Every structure is written in structure tokens, then in C-alpha cells.
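Quick note: numbers below take in every heavy atom, side chains included, and nothing from hydrogens, waters or symmetry partners. Not measured: the values here are computed from a predicted model. The first residue in the sequence is number 1, and the count goes up from there.
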Amino acid sequence: YRKINFTKPLFPGYMFALLDEKKKREIVVSGHIANFLKTTSEKELLEDLKRIYISFIKGAVFEHHPFVEVGKRVKIISGPFVGLTGMV
């Protein structure tokens, strides 16, 4: 077990919340939010965020590779992230 203190947010400018329509309207009217990003699957979003968090904790370095296209589903088959899957 290891405790980590972050000094910078992983996604600056983003807040993740589960809100009903009434709460969304209240927040929009407050003027403190620019937009909501909708998700088709809360479960899938949480799994994606979990994968990103694990990658961050393991010190992943992300680089652009021309053979991996945006929108392509990938599975890591070797290295410290073996078994993780996701969408580019």
C-alpha cells in the first residue's frame, strides 16, 4: 500500500459528477460551468478512468505512434500494463 499526494489535477478543468437533470440546470445557471460531457455508459467511463489512473500511478509515458489510430480498441500484451485494454 502506498499513499500519493497530487499537487496537480490529472484532468485540469474537469469535474466528474453524477447529477440529475435538476442539479445540472442549477449548475449551468450558476455560471460556474461551461459544458457537460455526456457518457453513454457510466460503467465504461469509470473503467476508462481507472485505467488512466493505473497508468499514471505506474509512471506511464504516452507517446504518439502513427500505426495506432484514434478510435482503435487496443489491448496491451506485454510490459507493466499487460492485460489493460482501452480505446485510443
Side-chain angles (χ1 to χ4, degrees):
Y1 174 74
R2 175 170 84 151
K3 184 176 179 179
I4 298 172
N5 292 317
F6 295 98
T7 57
K8 293 181 181 179
L10 189 57
F11 297 104
Y14 285 82
M15 181 181 82
F16 296 90
L18 179 60
L19 304 169
D20 61 25
E21 288 302 317
K22 182 181 177 189
K23 287 290 184 190
K24 284 182 185 178
R25 282 191 302 275
E26 289 174 14
I27 291 173
V28 168
V29 169
S30 75
H32 295 297
I33 191 163
N35 198 2
F36 285 97
L37 301 177
K38 295 180 182 178
T39 180
T40 56
S41 169
E42 179 184 342
K43 181 181 177 184
E44 189 173 315
L45 172 63
L46 292 173
E47 287 298 318
D48 286 345
L49 291 172
K50 181 180 172 183
R51 288 183 195 101
I52 292 167
Y53 176 75
I54 290 168
S55 299
F56 182 77
I57 294 300
K58 290 188 175 189
V61 176
F62 298 98
E63 299 174 353
H64 173 74
H65 290 281
F67 58 87
V68 180
E69 302 168 4
V70 172
K72 186 171 185 161
R73 196 145 198 68
V74 295
K75 180 176 181 179
I76 299 173
I77 58 172
S78 66
F81 303 111
V82 68
L84 290 178
T85 60
M87 184 79 69
V88 176

Quick one: closest heavy-atom pair of Leu19 and Lys24, and the distance?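 Smallest interatomic distance, heavy atoms only, reads O-CE, 3.8 Å.
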Examine Ile33 and Leu37 and state if one hydrophobic cluster contains both, with Ile, Leu, Val, Met, Phe, Trp and Tyr joined whenever side-chain heavy atoms are less than 4.5 Å apart.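 Looking at the clustering, Leu37 is in a separate group from Ile33.
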Above 12 or not: heavy atoms from other molecules or residues under 6.0 Å from CZ of Phe16?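 More than 12 heavy atoms, drawn from other residues, nucleotides or ligands, come within 6.0 Å of this atom.
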To the nearest 0.5 Å, tell me how far [X] [atom1] sits from [Y] [atom2].
X     : Y     : atom1 : atom2 : value
Leu49 : Thr39 : CG    : OG1   : 9.0 Å
Lys50 : Leu45 : NZ    : CG    : 13.5 Å
Thr85 : Glu47 : OG1   : CD    : 8.5 Å
Leu18 : Lys23 : CG    : NZ    : 12.5 Å

Test of understanding: with salt bridge (charged side-chain N to carboxylate O under 4.0 Å, His left out), list the residues that count as partners of Arg51, not counting sequence neighbours.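 Counting only residues at least two positions away or on another chain, Arg51 forms a salt bridge (charged side-chain N to carboxylate O under 4.0 Å, His left out) with Asp48.
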Compile the donor-acceptor pairs under 3.5 Å between side chains in residues 69-76 and protein atoms, sequence neighbours left out, one pair per line.
none

